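The next block holds one structure in the form of structure tokens; read it before the comments.
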Amino acid sequence: MKILYFAHFRERANIAEEDIVLPKGVEDVNGLLDWLAARGEGYADAFADRDHIRVAVNQEHVEFDAAVKDGDEVAFFPPMTGG
Amino acid sequence: MKILYFAHFRERANIAEEDIVLPKGVEDVNGLLDWLAARGEGYADAFADRDHIRVAVNQEHVEFDAAVKDGDEVAFFPPMTGG
Amino acid sequence: MTIRVQAEDFDTGAEIAKISASSSNVGGVCSFVGLVRDADEDKSITAMTLEHYPGMTEKQLAKIEAEAHQRWPLDDSLIIHRYGRLEPGEQIVLVVTASAHRKAAFEACEFLIDWLKTKAPFWKSEETPDGNTWVEAKATDDDAAEKWGK
Amino acid sequence: MTIRVQAEDFDTGAEIAKISASSSNVGGVCSFVGLVRDADEDKSITAMTLEHYPGMTEKQLAKIEAEAHQRWPLDDSLIIHRYGRLEPGEQIVLVVTASAHRKAAFEACEFLIDWLKTKAPFWKSEETPDGNTWVEAKATDDDAAEKWGK
């Protein structure tokens, strides 16, 4: 599973992109967030305020209850500010 | 008083512009329209359907009860179709 | 604030660039270009001639542009309206509005073009296969102008 | 229907001309250019860097542009969005819509820019005298996007 981090998520977790093996028991975005936040301070800090997290699975914007599976591309980012 | 005719008013009255002396008793646009319509066939035809007449006095769009006086510039035209 | 009533064509890109640079705090520039179409409700059009009321046109355009600046926080604006004979595809009118905020730019631009359609002293004569006909005012244009209030 | 996500600047006038010529029945072309401002709520800005999500951006832009064509009778449309470091006065985004009718062109253009503000995967970092800060999403932008429904 490929994980991408954008904007301040990239800065706080200090990583832009990583490949992980989907941990056992993680079935949706919520579970993935819990697992990531438990990996260390940078991640815990980045994912502290869940109201400000937006997530895309395979480049589609989804809610936290969306399913994730191995091979997915999951991206975390703050609310968008385009235009 | 200067009278201007635009679009189909110009075509029907067969005149673009004329100078007239304000006839006695004519005090507003309504009176002026009555007087002009009585001047001949082209004018009568041009001014037959008053719903489709728009008028400007001194380059300001006005209603038919607007006063007119000698020296004014009065213009007759159909509803505008700019843009 | 600029208005131009002219027979010549205009350079839309250059005009937008000028308005964009009017202030260093312009965040959005909205523009509208009106073009001559080659058909109107199945009636084909080979050309259109725009007649206007010189003097009154400029006066009324300047007035409505000033009103747009009163209603919305605009940094700058431009109205160019052509007259004379124009063929399909040619540009008729350009409205450009610049503001710190996009909503103001959009609303002011639409307000100005809605106004031009119904209140600017222009009249269009279309050349069709059946001869020349004066374009009639559209009720939908009156409705569009109405929504902005007096 | 065209979308471009690029670091390079774009020629607004040339793009509008292209969209204007997309059909001989285009009556109105609406466009919006978003520019980098030199200040935001009294905070001065020396530059802005736009980060985006390559792949998702293009995919989402193409999707929303197709939706605009479903909602409004458009002859053509264009979205160009830049990324990278931009200074005040530089162009960020261009949206152009062409239709036989001006109302459709205006609405589709505003719909697209409202959508870009809240749903396109771009993030802005501003260089200010106090350091770099990520631009926060605005509730007013969410409201603007909301009004177009799902």
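Treat the numbers as computed from the prediction; the structure is a model and nothing was measured. Every chain is numbered from 1, with letters handed out A, B, ... down the list of sequences.
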Please list all pairs meeting salt bridge (Lys or Arg N to Asp or Glu O under 4.0 Å) that have one or both residues in residues 102-112 of chain C, counting only residues at least two apart or in different chains.
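As it turns out, the salt bridge (Lys or Arg N to Asp or Glu O under 4.0 Å) pairs with a partner in residues 102-112 of chain C, which skip direct neighbours, are C/Arg102-D/Asp114, C/Arg102-D/Asp141, C/Lys103-C/Glu107, C/Lys103-D/Glu110, C/Glu110-C/Lys147, C/Glu110-D/Lys103.
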Under the salt bridge (Lys or Arg N to Asp or Glu O under 4.0 Å) rule, what pairs show up with a residue in residues 43-52 of chain B, not counting sequence neighbours?
B/Asp34-B/Arg50
Report yes if some heavy atom in the side chain of C/Ile64 is under 4.5 Å from a heavy atom in the side chain of C/Lys119; otherwise report no.
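Heavy-atom side-chain distance check fails, nothing below 4.5 Å.
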Please find the pair of heavy atoms, one from [X] and one from [Y], that lie closest to each other, and give the distance.
X	Y	answer
C/Leu61	C/Ala120	CD2-CB, 4.3 Å
C/Leu74	C/Ser99	CD2-CB, 4.2 Å
C/Ser22	C/Asp75	OG-CB, 4.0 Å

Does any backbone or side-chain atom of B/Arg54 lie under 4.5 Å from a heavy atom of chain C? Answer side chain, backbone, both or neither.
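It is neither, since no heavy atom gets under 4.5 Å.
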At a heavy-atom separation under 4.5 Å, does B/Glu11 approach chain C through its side chain, its backbone, both, or neither?
side chain
Where does [X] contact chain B at under 4.5 Å (heavy atoms): side chain, backbone, both or neither?
X	result
C/Lys59	side chain
C/Ser125	neither
C/Lys63	side chain

Max heavy-atom pair count under 4.5 Å with chain C, selected residue of B/Ala56, B/Pro78, B/Pro79:
B/Pro78
B/Leu36 CG to B/Phe76 CZ distance, which is reported to the nearest 0.5 Å:
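With rounding to 0.5 Å, CG (B/Leu36) is 5.5 Å from CZ (B/Phe76).
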Under 3.5 Å: donor-acceptor pair, side chain of C/Gln91, backbone of C/Phe10:
yes
In chain order, what residues pass the ring pair (Phe, Tyr, Trp, His ring centres under 6.0 Å) check against C/Trp115, with sequence neighbours excluded?
none
Interface residues of residues 25-53 of chain C facing chain B - non-hydrogen atoms under 4.5 Å apart:
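Hits under 4.5 Å: C/Glu51, C/His52, C/Tyr53.
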